[in-house]
Amino acid sequence: MSQQGVTPQSEDFARWYTDVVQKADLADYSPVRGCMIIKPYGYELWEGVKAGLDRRFKATGHQNAYFPLFIPESFLKREAEHVEGFSPELAVVTIGGGKELEEPLVVRPTSETIIGWAFQKWIQSHRDLPLLINQWANVVRWELRTRLFLRTMEFLWQEGHTAHATHEEAEAETLQMLGVYEDFAVNDAAIPVIPGRKSDQERFAGAVFSYSIEAMMRDRKALQAGTSHDLGQNFARAFDIRYTDENNELQYCWTTSWGLSTRMVGAIVMTHGDDKGLRLPPRLAPIQVVVVPIYRTAEEQGPVMDAVNRVSTALREAGLRVHVDARANLSPGFKFNDWEMRGVPLRVEIGPKDVANHTVALARRDIAGREGKQFVPQAGLVETVRALLDDIQASLLRQATEFRDQHLHEVRSYAELVEVVDDEWALAWFCGGAACEAKIKDETQATSRCFPLKQPHPGESGPCVVCGQPAREMAYFAKAY
RNA sequence: CGGGGUGUGGCGCAGUUGGCUAGCGCGCUGCGUUUGGGACGCAGAGGCCCGCGGUUCAAGUCCGCGCACCCCGACCA
């Protein structure tokens, strides 16, 4: 009978994900392989992400700008490691206006080079620093295996690019923005993340140090949800970004870049979702409260709709995002399931009994079944709903944190690591060497996720879990998206 | 790029040893009855059976060649 549900997570997590993304109307496939259409409901979720980040970027002194989609091919080649990293996944325009171009144009896979070129023009003196720029844009990377939101050939993101007078300032910026991502993920998206430094193998092409926030999905795989890079002077030297210091001497700038993409939408889906579908954190949910009217007869309809309108207006005026589901041809039961699948945090039901009793029924999405349902007075509903939404936000973060902590294990031997990493995350002493990392990857498919900034045993050291050489830091290992 | 699979109304599928007007479920349209956890009746609409070429009295079905997509192994926010 019920063919409208999604494949249960326990049965097939990958299918659950594609089911829920499509059935909840977040996104659709496109006629171009590997690209996606972001539907209004999915785009509103992304707009929530944008708003939360943009506010934080402005608060830390950054300004938005826009740089071109097309980048001269030669720009990419100026930074050796950068080209090498990106050339396999570039889309290149060779014909324009029916004529072969003198120099091919690369469709940006990221904008360090073209922004570096602009920075070189804009910066002359230490008085021009720091230069703190962000852009919201689409980028293209030619991917073979794609999945909606997680990896598509074209995706939306923001990329911050900054230039500083000293390495200390650039480092501080890199870590500050990692902190901004962490704050957003934890407080707005209710996703507990681990901020850390990437190993050399996992570093961004052209960076000195890369940092990331790592999140655990419900299938226990890791997802890099945002990255921040200390670019040293690599791009400053490649693009001649120099300034005159207080002593009238020419110095190369120190630059950073940091990005977070529509992948975050996938992270939200896979962190909170359950067998019934999405569960969206109230701060980001496009619809925070859905109101479902219930009535039998035309006589009941009038009073019920009056109450529905009164309640929904009051909630809207309180600044909440409210939707009234007045679809006449569908039963309430269908609507309950439909909105649960779409992840709306709180449902208000209003029927004849509620009209008579001056109550409404409230059902919270984070607690399944009858336990999540309660009848409350219409008087003071705005406050009740506000408090509940806060509680749901906190509850989702708590559930996700508990889930993650259950599946994190500190390991002392390679054998233990191999066993843990098959299905969970391992924390181990790690020298960071390429050979050690390659061995783990070959034998387990897991990679190092990061050296957490908050080390579990600060000041101590231990033998690398692979080679046994002394290691000063521990790293997380897991299979990753 | 190597191995496996699938192409039939919007979606999911069936279609016998080739045979008559190509079916089923969901969805869609109209009307009526319904509505507190996935309602029902009646009447409708919707198909170049992936493409091309063959075999045959006859092809969704058999043969050949393409094309597309999906799943699994090397790189990536």
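All values below were derived from every heavy atom in this structure, side-chain atoms included, with hydrogens, water molecules and symmetry-related copies excluded. Please read all numbers here as calculations on a predicted model, not as lab measurements. All chains are named by letter (A, B, ...) in the order of the sequence lines, taking the proteins before the strands, and each is independently numbered beginning at 1.
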Measure from [atom1] on [X] to [atom2] on [N] and round the result to the nearest Å.
{"X": "A:K23", "N": "B:G27", "atom1": "NZ", "atom2": "P", "result": "12 Å"}
{"X": "A:M153", "N": "B:C75", "atom1": "CE", "atom2": "C1'", "result": "15 Å"}
{"X": "A:W157", "N": "B:A77", "atom1": "CH2", "atom2": "C1'", "result": "7 Å"}
{"X": "A:M177", "N": "B:A77", "atom1": "CE", "atom2": "P", "result": "19 Å"}
{"X": "A:Q445", "N": "B:C76", "atom1": "CD", "atom2": "C1'", "result": "16 Å"}
{"X": "A:R147", "N": "B:C71", "atom1": "CZ", "atom2": "C1'", "result": "12 Å"}
{"X": "A:Y295", "N": "B:A39", "atom1": "OH", "atom2": "C1'", "result": "15 Å"}
{"X": "A:F184", "N": "B:A77", "atom1": "CZ", "atom2": "P", "result": "19 Å"}

Result for 5'-nearest mapping on RNA chain B, choosing between A:P332 and A:D338, is A:P332
Heavy-atom nearest nucleotide on RNA chain B taken for A:A328 and for A:E154; more 5' hit belongs to A:A328
Considering only heavy atoms and no angle criterion, is a donor-acceptor pair shorter than 3.5 Å present between the side chain of [X] and the base of [N]?
{"X": "A:S331", "N": "B:A39", "result": "no"}
{"X": "A:K373", "N": "B:G37", "result": "yes"}
{"X": "A:D354", "N": "B:G36", "result": "yes"}
{"X": "A:R347", "N": "B:G37", "result": "yes"}

- Working for salt bridge (charged side-chain N to carboxylate O under 4.0 Å, His left out), residues A:E202 and A:K441: CA-CA 12 Å; A:E202 297 284 319; A:K441 192 171 180 181; 5.2 Å; no
| Would you say a side-chain N or O of A:R141 is under 4.0 Å from OP1 or OP2 of B:C76? | no
field: Residue of the set A:L362, A:V291, A:I294 for which side-chain contact (heavy atoms from CB on, under 4.5 Å) holds with A:E349
entry: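 Answer after filtering A:L362, A:V291, A:I294: A:I294.
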[N]: pairing nucleotide in any strand, Watson-Crick or G-U under 3.5 angstrom:
{"N": "B:U21", "value": "none"}
{"N": "B:U61", "value": "none"}
{"N": "B:A14", "value": "none"}
{"N": "B:G73", "value": "B:C1"}
{"N": "B:A43", "value": "B:U29"}

How would you label the contact of [X] with the nucleic acid (heavy atoms, under 4.0 Å): base, sugar-phosphate, or nothing?
{"X": "A:K353", "answer": "base"}
{"X": "A:G351", "answer": "base"}
{"X": "A:S257", "answer": "nothing"}
{"X": "A:K198", "answer": "nothing"}
{"X": "A:F375", "answer": "base"}
{"X": "A:L330", "answer": "base"}
{"X": "A:A225", "answer": "nothing"}
{"X": "A:L260", "answer": "nothing"}
{"X": "A:E349", "answer": "base"}

Which of these nucleotides, [options], is closest to any side-chain atom of [X]?
{"X": "A:T227", "options": "B:G36, B:A77, B:C75", "answer": "B:A77"}
{"X": "A:P352", "options": "B:G37, B:G36, B:C76", "answer": "B:G36"}
{"X": "A:R151", "options": "B:G37, B:U35, B:C76", "answer": "B:C76"}

Can you tell whether the side chains of [X] and [Y] come within less than 4.0 Å, N to carboxylate O?
{"X": "A:R279", "Y": "A:D366", "value": "no"}
{"X": "A:D442", "Y": "A:K439", "value": "no"}
{"X": "A:E44", "Y": "A:R321", "value": "no"}
{"X": "A:D219", "Y": "A:K479", "value": "no"}

| Can you check salt bridge (charged side-chain N to carboxylate O under 4.0 Å, His left out) on A:R218 and A:D275, steps first, answer last? | CA-CA 11 Å; A:R218 296 288 298 184; A:D275 282 354; over 6 Å; no
Q: Pick the P atom in B:U16 and in B:U6, then give their distance to the nearest Å.
A: 15 Å
| message | When you compare the ring of A:F155 with the six-membered ring of B:A77's base, are the centres less than 5.5 Å apart and the planes under 30° from each other? | response | yes
- Message: Parallel, tilted or perpendicular, judged at 30° and 60°: which one describes the rings of A:F239 and A:F235?
- Response: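 Aromatic pair A:F239/A:F235 classed parallel.
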